[in-house]
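Below: the structure, in structure tokens.
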Amino acid sequence: MQELLSWIENEDDLILWSGNTFDKAFSLPIFLKHLKRENLNSFAYVNHKNDLFAYGEIVQTKPKIATICRVIVHPEKRGIGVGQEFCKELICWIQKKDKFNWISLNTLRNNLKAYHCYNKLGFHEVKVQPKARFLNGSWQDLIIMRRKI
Ligand SMILES: CC(C)(COP(=O)(O)OP(=O)(O)OC[C@H]1O[C@@H](n2cnc3c(N)ncnc32)[C@H](O)[C@@H]1OP(=O)(O)O)[C@@H](O)C(=O)NCCC(=O)NCCS
């Protein structure tokens with residue numbers, strides 16, 4: 001938990017990772033409470049030495065839709081494929097549940113690493129919420145992406 005929280009250094013990191021989930025406040029107790037949400041499954045991606053490489057969640061939002069949320073990769077391991085490998089594992093977990101037709105997720109338009117990572121895994125834009133989040137001094141569009149199971 002402490003390792004994961006150490007990756008969030010400022011308000012912009014928090015918004016990039018979690019959107020408005022923790023818009024009132026963010027701390028370890030708040031995060032632990034968040035993990036108790038109904039229909040939320042959390043996943044850690046660790047190496048053989050148990051070092052945390054990535055974290056993410058799967059939430060059931062609608063009957064046939066699983067949503068991948070709050071994916072984050074260790075800051076020093078970004079841009080080299082860890083996010084894609086981890087998301088493939090999350091997709092496999094969803095597929096094995098055998099009760100979903102769609103997987104959805106969202107990202108900000110300017111989050112190019114996230115956009116490319118998800119796009120390479122077969123996610124396509126289905127909706128845009130213009131100027132949904134304020135980040136790095138400007139309003140950013142939120143892109144909702146989806147792929148068939
Ligand atoms: C978003 C995130 C999870 C993606 O994981 P990752 O390990 O960095 O992603 P990957 O390396 O698997 O894939 C990123 C792709 O974008 C490409 N990329 C990297 N920087 C880029 C840029 N500035 N512009 C365009 N593409 C870029 C990479 O080359 C890679 O594509 P490739 O496989 O064709 O080379 C990770 O960057 C992260 O933790 N970011 C901070 C938290 C966050 O934004 N979470 C997502 C919330 S939606």
Side-chain angles (χ1 to χ4, degrees), residues 1-28 30-37 39-62 65-95 100 102-149:
M1 291 284 181
Q2 294 294 357
E3 170 67 17
L4 171 63
L5 266 60
S6 76
W7 301 349
I8 313 295
E9 289 187 347
N10 53 47
E11 190 72 14
D12 282 349
D13 286 350
L14 184 64
I15 293 171
L16 204 61
W17 169 53
S18 62
N20 57 7
T21 307
F22 304 108
D23 58 354
K24 294 199 173 60
F26 184 60
S27 63
L28 184 56
I30 289 172
F31 186 54
L32 289 171
K33 190 173 168 210
H34 160 81
L35 291 178
K36 291 191 180 137
R37 269 177 56 182
N39 295 328
L40 183 148
N41 297 276
S42 54
F43 298 85
Y45 197 57
V46 296
N47 71 358
H48 62 286
K49 291 187 202 153
N50 227 23
D51 301 321
L52 184 65
F53 272 33
Y55 170 85
E57 297 170 5
I58 295 171
V59 180
Q60 180 170 356
T61 42
K62 290 180 185 159
I65 304 177
T67 303
I68 294 178
C69 310
R70 290 169 283 280
V71 174
I72 187 164
V73 168
H74 189 299
E76 287 165 18
K77 309 266 186 282
R78 291 178 192 163
I80 54 166
V82 174
Q84 282 164 64
E85 285 309 309
F86 178 50
C87 288
K88 274 183 204 163
E89 298 280 348
L90 299 182
I91 291 167
C92 263
W93 186 91
I94 294 167
Q95 286 168 335
F100 298 108
W102 294 93
I103 308 175
S104 105
L105 50 77
N106 54 54
T107 185
L108 296 178
R109 170 73 75 202
N110 70 337
N111 194 349
L112 298 176
K113 277 197 189 85
Y115 189 92
H116 281 259
C117 171
Y118 300 145
N119 199 242
K120 281 192 78 176
L121 293 168
F123 288 89
H124 299 288
E125 269 185 59
V126 288
K127 207 170 147 193
V128 179
Q129 283 178 25
K131 300 186 176 172
R133 308 266 187 270
F134 195 74
L135 185 83
N136 289 327
S138 64
W139 286 97
Q140 301 294 332
D141 294 349
L142 183 71
I143 312 299
I144 289 96
M145 302 177 88
R146 207 178 248 202
R147 65 161 259 176
K148 213 152 174 45
I149 266 296

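Counting starts at 1 for both ligands and their atoms, in listed order.
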Closest non-hydrogen contact found for L5 with S27 is CD2-C, 4.1 Å
Quiz prompt | Close N or O approach (G81, ligand 1; < 3.5 Å) | solution = yes
Treating R78 as the side-chain partner and V73 as the backbone partner, does any N or O pair qualify as donor plus acceptor under 3.5 Å? yes
(Q) Could you check whether atom 35 (O) of ligand 1 has a protein contact, counting only heavy atoms that fall below 4.0 angstrom? (A) no
- Query: Would you call the rings of F22 and F31 parallel, tilted or perpendicular, where under 30° means parallel and over 60° means perpendicular?
  - Reply: perpendicular
Please indicate whether any nitrogen or oxygen in V73 is less than 3.5 Å from any nitrogen or oxygen in ligand 1. yes
Any heavy atom of Y55 under 4.0 Å from ligand 1? The part involved is neither
Correct closest heavy-atom pair for I65 and S104 would be CG2-CB, 3.9 Å
So for D13 against ligand 1, with non-hydrogen atoms under 4.0 Å, the contacting part is neither
Ligand 1 atoms nearer than 4.0 angstrom to some heavy atom of N106 are 48 (S)
For G79, the ligand 1 atoms with a heavy-atom partner under 4.0 Å come out as 6 (P), 7 (O), 8 (O), 11 (O)
Note: ligand 1 atoms sitting under 4.0 Å from heavy atoms of A114 are 1 (C)
Requested in this report: For ligand 1, find out whether one of its N or O atoms is nearer than 3.5 Å to an N or O atom of C117.
Outcome: no
L112 heavy atoms within 4.0 Å reach ligand 1 at atoms 22 (C), 24 (N), 25 (C)
>> I'd like to check whether W17 has a polar contact with ligand 1, where a contact means an N/O of the residue lying under 3.5 Å from an N/O of the ligand.
In response: no
Check your understanding: If we only count heavy atoms from C-beta on, is the L32 to M1 side-chain gap below 4.5 Å?
Key -> yes
Checklist line | L105 heavy atom under 4.0 Å from ligand 1 | finding: no
Heteroatom proximity flag, N111 to ligand 1, N/O under 3.5 Å: yes
All heavy atoms of K77 vs all of F53, minimum pair found to be CE-CZ, 3.4 Å
Which of Y55, F86, W93 passes ring pair (Phe, Tyr, Trp, His ring centres under 6.0 Å) with F43? It is W93
Among H74, K113, R70, K88, the residue with a heavy atom nearest to atom 27 (C) of ligand 1 is K113
Ligand 1 N/O within reach of R78 N/O, cut-off under 3.5 Å = yes
Closest to atom 16 (O) of ligand 1 among protein heavy atoms sits H116 CB, 3.3 Å
*asked:* Checking the N or O distance criterion of under 3.5 Å, is ligand 1 in contact with V71?
replied: yes
Ranked by distance from atom 7 (O) of ligand 1, the top protein heavy atom is G83 N, 2.7 Å
*From CA spacing to verdict: side-chain contact (heavy atoms from CB on, under 4.5 Å), R133, L16*: CA-CA 9 Å; R133 308 266 187 270; L16 204 61; over 6 Å; no
One finds that the ligand 1 atoms under 4.0 Å from a non-hydrogen atom of L16 are 43 (C), 44 (O), 47 (C)
Subject >> Residue-ligand contact Y115/ligand 1, heavy atom below 4.0 Å >> reply: no
Correct closest heavy-atom pair for D141 and P130 would be OD1-CA, 3.3 Å
Near I72 (heavy-atom distance under 4.0 Å), the atoms of ligand 1 are 39 (O), 42 (C)
Closest non-hydrogen atoms of I68 and I58, given as atom of the first, atom of the second and distance, are CG1-CG1, 4.4 Å
The atoms of ligand 1 lying under 4.0 Å from a heavy atom of I80, numbered in the order shown, are 11 (O)
Taking only non-hydrogen atoms of Q84 and a 4.0 Å limit, the atoms of ligand 1 in range are 10 (P), 12 (O), 13 (O), 14 (C), 15 (C), 30 (C), 31 (O), 33 (O)
Based purely on interatomic distance, does K120 place a nitrogen or oxygen under 3.5 Å from a nitrogen or oxygen of ligand 1? yes
Closest heavy-atom pair, F134 versus I15, reported as atoms and distance to 0.1 Å, is O-CD1, 3.4 Å
### Query
Ignoring hydrogens and geometry, is there a side-chain-to-backbone donor-acceptor pair from R147 to L121 under 3.5 Å?
yes
Start with the C-alpha distance between V126 and M145, add both sets of side-chain angles, then the distance that settles side-chain contact (heavy atoms from CB on, under 4.5 Å), and finish with yes or no. CA-CA 5 Å; V126 288; M145 302 177 88; 6.0 Å; no
Next on the checklist: With a 3.5 Å distance limit and no angle check, can you tell me whether W17 reaches the backbone of R70 through a side-chain donor-acceptor pair?
Outcome noted: yes
